[in-house]
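Counting convention: from 1, in listed order, for ligands and their atoms alike. Computed from a prediction, not measured in an experiment: that's the story for all the values here.
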Amino acid sequence: MSGNIEDKNFPIGVFDSGVGGLTVLRELNKALPHEHLIYFGDLGRSPYGTKSPATVRRYVRQITRHLLSRKVKLIVIACNTASAAAGDDVKALAAPVPVMEVVGHSARAAIEAVLPQGDEPVRIGVLATATTVASDLYKDRLLELSDHHLSAPPLIMQKACPLFVPLAEEGLWEGPITDLAAEMYLAKMREFDPHAVILGCTHYPLLRKAIEKALPPGTVLGNGAESLALAARDLLSEQGLLAESELPGRLEFIVSDSEDTFRRQAERFLDMPVDIVHHIDLDACEGREE
Ligand code: DGL
């Protein structure tokens with residue numbers, strides 16, 4: 001199936017395993033307030049980060065096909081694990097519809113945030129899901145980028161923090177349990193004393209306060225959501241595909257499990273009423289897998 005990008009008023013498709021991608025959606029909505037955004041949260045099959053790449057790839061292909069059936073003009077992979085397991089699949093399925101990923105923007109933001117450290121190599125930490133860490137996606141991207149921006153390759157420490165995703169989904173963004181999980185996962189990272197740490201899973205910015213507390217003071221912490229959103233605006237503008245409307249863009253949410261839990265977390269994070277939530281069972285699309 002190939003996409004179609006003829007119409008300026010077609011929506012932008014954004015997806016993640018659950019609520020994490022809302023951290024990207026919020027930036028997209030800020031940068032592109034007139035665009036119709038369709039957000040797909042695969043709650044019924046989350047978390048992705050502890051599943052095999054083959055399984056995540058199957059889910060991601062289904063979601064991509066679904067978004068293309070909705071005639072999106074751009075797909076944003078708001079899930080690092082999906083990029084690690086199936087970024088190329090999404091691009092191949094979607095072409096000529098452009099696909100943007102948060103990974104490259106997060107790596108670039110970290111490289112740009114760290115100041116040269118004299119003769120000492122820069123130290124960058126990557127917090128991500130087990131699948132993303134195992135793929136070395138961030139490590140490869142950071143080493144590629146450092147060729148152009150740093151005098152020496154950075155030292156990189158990666159750490160998978162699997163409990164962060166269910167904590168984020170449950171709404172436990174702060175508090176003693178979250179602090180404890182951050183302490184446990186980040187003890188070695190603290191010793192590594194990174195100059196910058198990438199939140200390489202879109203759920204992790206929701207736990208930012210706990211992560212910050214567990215790291216040495218002054219560690220630069222970030223991800224590329226904002227930079228991706230600005231790049232999406234540039235891309236649509238260059239291609240003459242910005243929505244023509246002056247009205248606030250519609251936010252449409254599709255989930256593959258309980259709508260109420262999702263609505264609660266989404267309203268809390270986005271700080272606005274979330275009233276367009278459809279439930280869809282993508283396994284029903286299995287038969288369409290090539
Ligand atoms: N938010 C996703 C990511 O950026 C995945 C979380 C998960 O489902 O494990 O990797």
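- By the 4.0 Å heavy-atom criterion, Cys201 is counted among the residues contacting ligand 1.
- The protein heavy atom nearest to atom 7 (C) of ligand 1 is Tyr48 N, 3.3 Å.
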* Would Phe40 and Phe253 satisfy ring pair (Phe, Tyr, Trp, His ring centres under 6.0 Å), going step by step from the backbone distance to the final call? -> CA-CA 6 Å; Phe40 190 97; Phe253 297 91; over 10 Å; no
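- Taking the ring centre of Trp173 as origin, the terminal cationic atom of Arg208 falls outside the region bounded by 6.0 Å and 45° from the ring axis.
- By the criterion of a heavy-atom distance under 4.0 Å, the side chain of Asp16, and not its backbone, is placed next to ligand 1.
- Inspection of the Tyr48 and Asp16 side chains reveals no N or O donor paired with an N or O acceptor under 3.5 Å.
- Under a 4.0 Å heavy-atom criterion, Cys79 is in contact with ligand 1.
- Close N/O approach between Thr202 and ligand 1 is found [any backbone or side-chain N/O within under 3.5 Å].
- Remark: Asp7 does not engage Lys71 in a salt bridge, criterion side-chain N to carboxylate O under 4.0 Å.
- Under 4.0 Å from ligand 1, heavy atoms of Asn80 appear from its side chain as well as its backbone.
- Lys91 has a carboxylate O that lies under 4.0 Å from a charged side-chain N of Glu101, or vice versa, which qualifies the two as a salt bridge.
- In terms of N/O distances under 3.5 Å, ligand 1 is approached by Thr81.
- The closest protein non-hydrogen atom to atom 9 (O) of ligand 1 is Gly49 N, 2.7 Å.
- Classification of Glu35 and Arg233 as a salt-bridged pair fails, no side-chain N sitting under 4.0 Å from a carboxylate O.
- Closest approach of Leu74 to Pro98, counting heavy atoms only: CD1-O, 3.4 Å.
- Looking at His203 next to ligand 1, an N or O pair under 3.5 Å apart turns up.
- Looking only at atom types and distance, the side chain of Thr81 has no donor-acceptor partner in the side chain of Thr131 under 3.5 Å away.
- Those atoms of ligand 1 that come under 4.0 Å of a heavy atom in Ser17, given as number and element, are 5 (C), 6 (C), 7 (C), 8 (O).
- Taking every heavy atom of Pro47 and a limit of under 4.0 angstrom, the matching atoms of ligand 1 come to 7 (C), 8 (O), 9 (O).
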